[in-house]
Amino acid sequence: MEFLYASEVLVNGLMAGVMYSLVALGFVLIYKASGVFNYAQGVMALFAAMTLVGIMEGRVPFAHLINAAFGVHVDRFGWTVPAIFGIALTALIMVGLAIAVEKLVLKHLVGQEPIILFMATIGLAWFLEGLGDVMWGADVKVLDVGLPQGISDSIETATNNWLGYGFFIDRLDIWATVIAAALVAALVGFSQYTKQGRAMRAVADDHQAALSVGISLRFIWIMVWSIAGFVALVAGIMWGTKSGVQFSLSLIALKALPVLMLGGFTSIPGAIVGGLIIGMGEKLFEYFIGPMVGGATENWFAYVLALLFLVFRPQGLFGERIIERV
Amino acid sequence: MPDATQDPLLEVNNIEVIYNHVILVLKGVSLSVPKGGITALLGGNGAGKTTTLKAISNLLQSERGEVTKGQITYRGAPVQGMDPAALVKQGVIQVMEGRHCFEHLTVEENLLTGAYTRSDGRAAIARDLEMVYSYFPRLKERRKSQAGYTSGGEQQMCAMGRALMSRPETILLDEPSMGLAPQLVEQIFEIVKAVNEGEGVTFLLAEQNTNVALRYAHHGYILESGRVVMDGPAEALRENPDVKEFYLGMSEQGRKSFRDVRSYRRRKRWLA
Amino acid sequence: MIYREAGDFKTSYRDDGQTFPIRLDRWGYYALLGVAFLVVPFVIDSYWANAVLVPFLIYAIAAIGLNILTGYAGQVSLGTGGFMAVGAYSVYKLMTAFPGVPIFVHILLAGAITAVVGMLFGLPSLRIKGFYLAVATLAAQFFLVWLFNKVPWFYNYSASGQINAPERTVFGWAVTGPATSAPAKYLTCLVFAVVLAWIARNLTRGMVGRKWMAIRDMDIAAEIIGVNPLTAKLSAFAVSSFFVGIAGALLFSVYLGAAEASEAFGINKSFLVLFMIIIGGLGSIFGSFAGAAFLVLLPVLLKNLLVVRLGWPTDLAAHLELMIVGGLIIFFLIVEPHGLARLWRLTKEKLRLWPFPH
Amino acid sequence: MIATPAAEFSTDKGATRPVLMDLKNITLRFGGVVAIKDISFDIREGEIRAIIGPNGAGKSSMLNVISGFYVPQQGEIWFEGQKRPPMKPYQVARLGLARTFQNIALFDGMSVLDNIMTGRLNKMKSSLFSQALWWGPAEREEVENRAQVEKIIDFLEIQNIRKTPVGRLPYGLKKRVELARALAAEPRILLLDEPMAGMNVEEKEDMCRFILDVNDEFGTTIVLIEHDMGVVMDLSDRVVVMDYGRKIGDGTPDEVRANPEVISAYLGVAHE
Amino acid sequence: DLVVPNLSYRTGPYGANGTQYADGFNDYFTLLNERDGGIGGEKIQTPECETAYNTEKGVECYEATKGSGALVYNPLSTGITYQLIPKVSADKIVLYTPGYGRTSAKNGSVFEWVFNAPANYWDGASVAVKYLLDQSGGDLKGKKVALVYHNSAYGKEPIRTLQDLSKKHGFTLTELPIDPPGQEQKSQWLQIRRDKPDYVLMWGWGVMNQTAIQEAANIRFPMENFIGVWWSGSEVDVLPVGAAAHGYKSLTFNGVGTDYPVYADMKKFVIEPGKASQGGQFVGSALYSRGMYAAVVIAEAIKKAQELAGTPAINATQLRDGFEALGITPARLTEIGLPDFGPEIKMSCDNHGGSGMARIQQWDANAKKWSLITEFTEPDQEVLNPLIAADSEAFAKEFNITPRC
Ligand SMILES: Nc1ncnc2c1ncn2[C@@H]1O[C@H](COP(=O)(O)OP(=O)(O)OP(=O)(O)O)[C@@H](O)[C@H]1O
Ligand SMILES: Nc1ncnc2c1ncn2[C@@H]1O[C@H](COP(=O)(O)OP(=O)(O)OP(=O)(O)O)[C@@H](O)[C@H]1O
Ligand SMILES: [Mg+2]
Ligand SMILES: [Mg+2]
């Protein structure tokens, strides 16, 4: 019985890991393409989810600002938009965001050190966080794009018949796994086997040299940030469905970092494998060891686990070898 | 042989470059590069050769440098403010000083990025890849290794090959011979010559190795402290006594041993 | 040509190595110190002390500490919050266990304890580099906060896990506890900030600092020319943590008076201090002060402008404030990626050349 | 090319001085690539020992082995008659080895002066604590060492750039600063990896003069990698030739120059 | 005018909760100003200051507003409360922390300036256990109770009380901390699935609440055996979970909904003229009602203070006297237009915490509203009083305070 409990924890851990991976993927993409550690990834997920809800519910953007400035009372347009259009529209907005980021920020920071770019993305995170709130309000929003949620009955009965113990698996998690797998496959194919993918990796290595061979940094950046924006939207949808669209959504970035570390900042498959290991590890640890040391170990355990891996492989499991030459 | 006055493809007119808003590096440089020619840009360390080339290919911005005066035109049209990528599409590509290979990409992937702007199909690109490998067989051997782990010379070949992959009209070469074995230096210049003659590619090359450069170039400019101090056809420069002494290391009796230049001497400056 | 160095000749290597080689700078600096010590304490009120100057000085200390590690030694750390917590909890334990010992000694000891903890968490830096290290230091952040939250010994078994600073005096003046006057708080922090800045300056201009910078600029080359990476990195972690620990001790004992690990020393604190040094300028002590001033003052200013002056709703003001601060960070980075310190230096370089542009 | 009497003198020097470092059967592999294949040679006290060979031959790797950065899979290194145990690079540096790098490895964020001062790090012993207080021993030590460094700055004629951040310097000056840093360590053996790449003749002449002066005045042993045959032949006492990781020649410049294998693998034609 | 600063938070991780509370707080004072011209003829100002639930910003807000003659602070954050307790004691300003903050502040002889009526966390824990006793027929022997808590000072508050109560009533207590923000609780809930406790109590805040309710539903934990503290019982916590949250229970010490006479006035004087905070979108929600309740108590204390001082323009010291003499009877509540809205309050010099009574509400997911399912229940003072005495004595010793009364 204990074994079955443990395997249920394990399966749930794996699924939680997939949810982390969804966020981690966005980081990897941008890191791979520009050597930028995009701190704003979590906020982008929040922003995307907020926008999606706002569009679907027909909220008036900047309602609060308009009301405060003009003393009027606008709130909703009075219509609702089907999820599929909402998602498409939000994806477009994320492309717009990518263009704006390139034009207003990245363009001016070509060739700067990574930490400077990192800092700029922090500025961006703050800006986006404020913008999201001003646009759509800071209340908790319920997001429902039609993804099923709750325990899957069929798995429960199936496992019950088979093992005599019904596994509780959230249907949302199953969906997340499927979507993540598809995303990873698509992204790996893109970055390894296409011309744009190669250009993207070239940009990450050396901005100047990339420019000198005619790769347009602007194009690559817009492309990558758009993809990352799309990944953020997917992550936002999954997490937003799970626990509502609200500020805390931006903090899931912190859960994605150990995943990145473990999988390697530059590896798309790494993001998924890292997620699985972290999800599984932290859940099992909390389940078995947590009660002995007072619990709430998940936050640090993920990092410590990743740290241990790094001591043996400083570039993460699948990261590119760090080139050390003189 | 093409000469400077006829049909200038690339013209630099009295440009001034400032880094970081305060460091004035080029103080009025003018050049003219004829179509189909090999033009050499010579000068000591820090003279401003690299800066000139970067000004042409619009790569200064990312180093916080800017062209504050003067004009650069390519085929008669000004290029300032143009996206470097757009310039490559027009056929101007730069091989940067210090190699700048994409470390994490393999040698072959590096070469393929050179063909980024091309849209003439895979077959043509594959053909050119073979051509580059035939120029640099060593690259073929190392095609699958990450460029970051290849030796200095291999990286230099890789950078050259990458530029060739874009089928350029004009190549700006920054110190192609640096760090190459003597045999290879000759080879590289032979390749330059072959590409120049065979495919009509125009070259502007910055070089420290004056000796070789003047042997292959048609025309030369000598830069010192951000100014052009002398220019002329290559043969003429080769015969100039000052050039001979300071750039070719020849005294009246021919080449002297490096062991003998022990006494301190102050070099003559064209401009005080 | 008022601001210049011409005519300001150095006749010994000693003079040449001094902190402010230009006479005008030196005078300005002495004047500033004079005002800070002799004028401000008499005019300061509790709003200025508690909302502006005390946090500014404390964050400046933390920023110098992190700048030593990140700006000078090139090891990006996101564990600052955790290390500040070590300082805070150490000083709390020391204050309550040895009430008779002067508080300044406790604060210094808290710094020393943090230095040891910092070295421990610095060990992975020998293998792990760059952003990997940055993320790895988050392990320290989360683990330390968890520890202080979990082990009741650290908070003297209080019901809620909060720690409260009891009153301690220096020369009969309360410097911790509720009765502390604004000037006392301010002066305590000022003394620490000035002395520590001076120490940081000494370390960074000498061989220790050069070793750190060598490791930062090119660690492999540094090792080949003879820098022992182990001692260089660990000493950077130790010194940095010492500073950060003192900042944490002051934050808790002098400034806040009460603290809880996960709230006061959370991950946000780590990020905040990192922003300070990047905005201020990596590898610059002046920059640490500038960055701390920027990020402490700006929100206060904006809030006063938007809410108090313009009367906007607080939530809207808070959201706009985020947007403005975020936007300004980006703006400053674009104008000068090397921070306020470099901006300041460039201005001076221009002044030196003035009225000629180059 | 005029044969110089110096060459004969140097032969003599190479043969009679005691062996300072002896490399025995060194083999170094990177995955499938064999960078060095069973190479042995020795370095004698006070000589100038050149390593030449085509690009990718393994010369830089050899220096990395000597300075402890690469650990060879096979082979022994004997230093002053004793087998050197496995050591970290910084420990090797303490034995009195200093070097320059092929791709300049200066500390870009520091001034020229600070860069050179790092060369003296093994000479400065004051503790962290006394440096924190500065007044007293730390300052005294700093001033003393600064005086030494100023001598080197004078010697290499880089007084005017003392306070410049090295990132801004042109290539040639960077090389000179690197040499200064290595000299500041007062090394027994100085390893130079292409110190003259990217320089023009005049600058090379200066560099040669510095190298010879160091060798003469301080008796420093020098290991030199260089592609300029003129420089190698004029300066060195003995030459090792590598090709594809193998040693294909070892001897005086004249012997090497006459070696047919060396000619075909590296020099191309018999050198002028 | 009388100044009652509103240290609110409408941004950050708990912004969604803080907004509703702050609205209720503001609106009640607006009502008094608009309808009655203030209290005793003095208008009430509620200058708002955003703390983002952050202690340092809280201190800044406190310093920024205290100069304006602030009478009383209500920061809605246990962390900020701990920060302010020493400060208000030095500055002699009242700190009113209904249902949060430092529990032992109930002992007015040590905490002269702090009031936390009508109930504190220990009261809450005890009332919850009483309810469980009720549910299981008066006996909890051998039962298992799990406490899921926000891993912070706030969440840890009830632990000691619950431990004592578990000894007294013979149930076993399992503690499951959740690190804020708390979006991931899988392993904790799988532990619950394995251990099968009879009841789960929760001390949560922000996104943690709804995640917990969702996870409870995921392991098919019976909702009616899941009881949150009053901060885990707002619409924000259950709405995102949808139908699965049906039957979830929580403590409360105030009424919810708009079925109170006061809302007629509210509508007329505040909402319709457009004077409601944030446009009045949360009127009647659980947190709005609680914010309003805090305002009611403060207003009553002001009134009392005015009576005692004989002047409408009171200062903070007089307000403290007003609080200490405060009595809110059911009759008075009816008079205000909020019948049965809160428990009876009776304060004194040494009792700053009132009666400690609370009741249980339950979520109806179909009607999307909370309904009150018990009457106000007294906590087990026998267990609580010694705890409070011990904790406040320790504080008094640490800070050299001689008890007043
Ligand atoms: N990014 C920069 N910031 C400031 N100054 C610079 C920068 N890049 C180059 N310089 C300065 O510009 C001058 C010219 O440099 P440039 O690199 O153009 O010389 P070069 O002729 O190519 O020299 P070399 O032969 O050594 O490569 C030098 O004095 C150098 O210090
Ligand atoms: N760290 C490494 N990992 C993998 N391969 C390496 C590494 N270092 C060197 N090599 C390979 O070893 C071979 C020798 O390299 P090395 O740098 O020693 O050549 P070199 O003789 O210095 O050439 P050059 O004259 O071009 O500098 C090259 O083929 C290089 O790709
Ligand atoms: Mg150059
Ligand atoms: Mg080499």
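These numbers were taken from a predicted model, which means no experiment stands behind them. Order of the sequence lines sets the chain letters (A, B, ...), proteins ahead of strands, with each chain counted from 1.
Counting heavy atoms from C-beta on, the side chains of C:Phe275 and A:Met119 come closer than 4.5 Å. Inter-residue side-chain proximity for C:Tyr132 and A:Pro314 is flagged as unmet; no heavy-atom pair is nearer than 4.5 Å.
With a 4.5 Å cut-off on non-hydrogen atoms, C:Pro337 touches chain A through its backbone and its side chain both. Only the side chain of C:Ile329 comes within contact range of chain A, judged by heavy atoms closer than 4.5 Å. The contact between A:Leu109 and chain C is made entirely by side chain atoms (from C-beta outward), counting heavy-atom distances below 4.5 Å. Looking at C:Leu282, the atoms closer than 4.5 Å to chain A (heavy atoms on both sides) all sit in the side chain, from C-beta outward. Only the side chain of C:Asp315 comes within contact range of chain A, with heavy atoms under 4.5 Å apart. With a 4.5 Å cut-off on non-hydrogen atoms, C:Leu133 does not touch chain A at all. Contact of C:Thr70 with chain A is made through the side chain alone, with heavy-atom distances under 4.5 Å. Residue A:Ala306 does not touch chain C at all, counting heavy-atom pairs closer than 4.5 Å. For A:Ile115, the parts lying under 4.5 angstrom from a heavy atom of chain C are both the backbone and the side chain. Contact annotation for C:Phe271: only side-chain heavy atoms (C-beta onward) come within less than 4.5 Å of a heavy atom of chain A. Both the backbone and the side chain of A:Thr297 come within contact range of chain C, with heavy atoms under 4.5 Å apart.
Residues of residues 277-295 of chain A lying under 4.5 angstrom from chain C, judged on non-hydrogen atoms, are A:Val293, A:Gly294, A:Gly295 by number. The interface of residues 36-43 of chain A with chain C, defined by heavy-atom distances below 4.5 Å, comprises A:Phe37, A:Tyr39.
Among the candidates A:Leu257, A:Ile122, A:Val105, the residue making the largest number of heavy-atom pairs closer than 4.5 Å to chain C is A:Ile122. In terms of heavy-atom pairs under 4.5 Å with chain C, the best-connected choice from A:Phe265, A:Phe312, A:Tyr31 is A:Phe265. Top candidate by heavy-atom pairs under 4.5 Å with chain C, chosen from A:Lys107, A:Arg313, A:Glu129, A:His64, is A:His64. When each of A:Asp133, A:Ile116, A:Val304, A:Leu104 is checked for heavy-atom pairs under 4.5 Å with chain C, A:Asp133 comes out on top. Taking C:Ile224, C:Val325, C:Val135 one by one and counting their heavy-atom pairs under 4.5 Å with chain A, the maximum is reached by C:Val135. By number of non-hydrogen pairs under 4.5 angstrom with chain A, the leading residue of C:Ala136, C:Gly327, C:Pro124, C:Gly130 is C:Ala136.
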Residue pair C:Val145, A:Asn299: steps toward the side chain to side chain contact (heavy atoms under 4.5 Å, CB included) verdict: CA-CA 10 Å; C:Val145 166; A:Asn299 274 347; over 6 Å; no

When you look at A:Leu310 and C:Arg127, which way does the side chain to side chain contact (heavy atoms under 4.5 Å, CB included) test go after all the steps? CA-CA 8 Å; A:Leu310 280 198; C:Arg127 288 274 298 162; over 6 Å; no

Under the side chain to side chain contact (heavy atoms under 4.5 Å, CB included) rule, what do A:Leu65 and C:Trp312 come out as? Steps first, then yes or no, please. CA-CA 10 Å; A:Leu65 188 65; C:Trp312 289 40; 3.7 Å; yes

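For the atom pair A:Phe127 CZ and C:Leu328 CG, the distance stands at 10.5 Å (nearest 0.5 Å). With rounding to the nearest 0.5 angstrom, the CE atom of C:Met323 is 9.5 Å from the CE atom of A:Met135. Taking CG from C:Leu138 and CG from A:Leu254, the interatomic distance works out to 7.0 Å, rounded to the nearest 0.5 Å. In this structure, C:Leu322 CG and A:Leu131 CG are separated by 10.5 Å, a value rounded to the nearest 0.5 Å. To the nearest 0.5 Å, the span separating CZ on C:Phe331 from NE2 on A:His108 amounts to 10.5 Å. The distance from the NE2 atom of C:His319 to the CH2 atom of A:Trp126 is 14.5 Å, given to the nearest 0.5 Å.
Residues A:Trp300 and C:Phe143 place their aromatic rings such that the two centres sit under 6.0 Å apart. In this structure, C:Trp146 has its ring center no closer than 6.0 Å to that of A:Phe301.
Closest heavy-atom contact between A:Ala120 and C:Leu333: N-CD1, 3.4 Å.
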